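Heads up: the structure comes next, in structure tokens.
First the proteins, then the strands, lettered A, B, ... as listed; each starts at 1. Computed from a prediction, not measured in an experiment: that's the story for all the values here.
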2 protein chains.
Amino acid sequence: MDMQSVADILRSHGFKVTPQRLAVYDALQNTTEHPNAEMLYNMLLPSYPAMSLATVYKTMEIFDQIGLAQVLNIGEDSYRYDARMENHPHVRCNTCGRVDDIMEFEDEAIMEQVAKLSDYKLTGRQLYFYGECPKCQGKKKKYN
Amino acid sequence: MDMQSVADILRSHGFKVTPQRLAVYDALQNTTEHPNAEMLYNMLLPSYPAMSLATVYKTMEIFDQIGLAQVLNIGEDSYRYDARMENHPHVRCNTCGRVDDIMEFEDEAIMEQVAKLSDYKLTGRQLYFYGECPKCQGKKKKYN
DNA sequence: ATTTATGCAAACGCTTTGCAGTCAT
DNA sequence: ATGACTGCAAAGCGTTTGCATAAAT
């Protein structure tokens, strides 16, 4: 079965289904900007004026735990979240700070190579790349 | 010229050469455990009883800035530091928490692939792998 | 003699926690 | 009815900052 709703997944893990949790998931899934807790909070405030930052954090911890979201550590001072669960690399623009997914990347060969070099039994990875995004490259030519 | 000492490098960037800075660099270079600030502080305390955590942080910021060390964000609650400046991946053991270098890894092909997929002009990367180290794999067989 | 660094303690910023009231089941 | 969740405020914790003293140039 693959067509489980967020509500089903929450329930099947013994968590209750609340409007806040559904809203957080909805917000996260409908953005590509890899928001941190505060960005999520601000996105939700208009429709949930009573929303609290603590609830966002608690919700994201659950989502991480039950596989509804992953946590990114891109070297900023706060965590970012991503609802795309296929493991994939991320690129961060050093100029504007945006973070993009790299979805088509094939990393089996890398995992094998690293497993061999390290003798670890690997279970996961986080690949972060840094540089300048297309938009900021353009700006540089015009204004710098 | 390639045989610059830490003292030379500090001076050439306008920083003063102090016993604390030399000691921090020495400690960092003579360990493979990728210490965080507190670990460094504790390593130095015996020989520098007056050492302060703030000095470790300030020193590491300078080292990062002038290329004497790099900062790692492995998904823990604190930063770790590495004096090996060639860019290389890291593996963290989920069981014992140790962090190892992967030195022989060739990542040019990956950088090219990611640059092509993302349209970013890449300047850096951080590759983190997670799993179980050889030692902990052994333990598991014996005790679990 | 100047200028920068150290070390302490206080401040910071993100995240977590405690708890009374509220909601999902 | 019960147990879990929310939201507020307070606490936590790694890191940074301010400042007086000390050390490097």
Which part of the nucleic acid does B:Thr55 contact within heavy-atom distance under 4.0 Å: base, sugar-phosphate only, or nothing?
-> base
Walking DNA chain D from its 5' end, the first of A:Tyr41 and B:Arg80 to be reached, judged by nearest nucleotide, is A:Tyr41
Atom CG of A:Asp64 to atom C1' of C:dT16: distance rounded to whole Å?
-> 15 Å
Check whether the ring centres of A:Phe63 and A:Tyr25 lie less than 6.0 Å apart, and answer yes or no.
-> yes
Under 3.5 Å, side chain of B:His34 to main-chain N/O of B:Val99, donor-acceptor pair present?
-> yes
In terms of side-chain heavy atoms of A:Tyr57, which of D:dG7, C:dT25, C:dC14 is nearest?
-> C:dC14
Rounded distance in Å - CD (B:Glu38) to C1' (D:dT16) = 16 Å
Looking only at C:dC19, D:dT17, C:dT25, the nucleotide nearest the A:Lys58 side chain is C:dC19
Nearest to the side chain of B:Leu53 - D:dT15, D:dA4, C:dC8?
-> D:dT15
So, are A:Glu76 and A:Arg92 salt-bridged, with charged N and O less than 4.0 Å apart?
-> yes
Write down the distance between CE (B:Met60) and P (C:dT6), rounded to a whole number of angstrom.
-> 13 Å
Base, sugar-phosphate, or nothing: which does B:Ala50 touch, judged by heavy atoms less than 4.0 Å apart?
-> sugar-phosphate
Atom CD of A:Gln20 and atom C1' of C:dA24 are separated, to the nearest Å, by 11 Å
Starting from P on D:dG7, measure out to NZ on A:Lys16 and report it in whole angstrom.
-> 15 Å
Start with the C-alpha distance between A:Arg98 and A:Asp100, add both sets of side-chain angles, then the distance that settles salt bridge (Lys or Arg N to Asp or Glu O under 4.0 Å), and finish with yes or no.
-> CA-CA 7 Å; A:Arg98 67 176 291 148; A:Asp100 287 304; 2.8 Å; yes
Just by distance, do the side chain of B:Arg21 and the backbone of B:Lys16 share a donor-acceptor pair under 3.5 Å?
-> yes
Between A:Arg21 (CZ) and C:dC23 (P), how many Å, whole number?
-> 15 Å
Among D:dT25, C:dG7, D:dG7, which is the nearest nucleotide to the side chain of A:Ser52?
-> D:dG7
Figure out the CG/P separation between A:Asn42 and C:dC14, and round it to whole Å.
-> 12 Å
Between C:dA24, D:dG7, C:dT6, which one does the side chain of A:Pro19 approach most closely?
-> C:dA24
D:dG14, C:dG7, D:dA9: which one has an atom nearest the side-chain heavy atoms of B:Ser78?
-> D:dG14
Calculate the interatomic distance between A:Glu76 atom CD and C:dG13 atom P; express it in whole Å.
-> 16 Å
Residue A:Ala54, side-chain atoms from C-beta onward, closest of D:dT6, D:dT17, D:dC8 = D:dC8
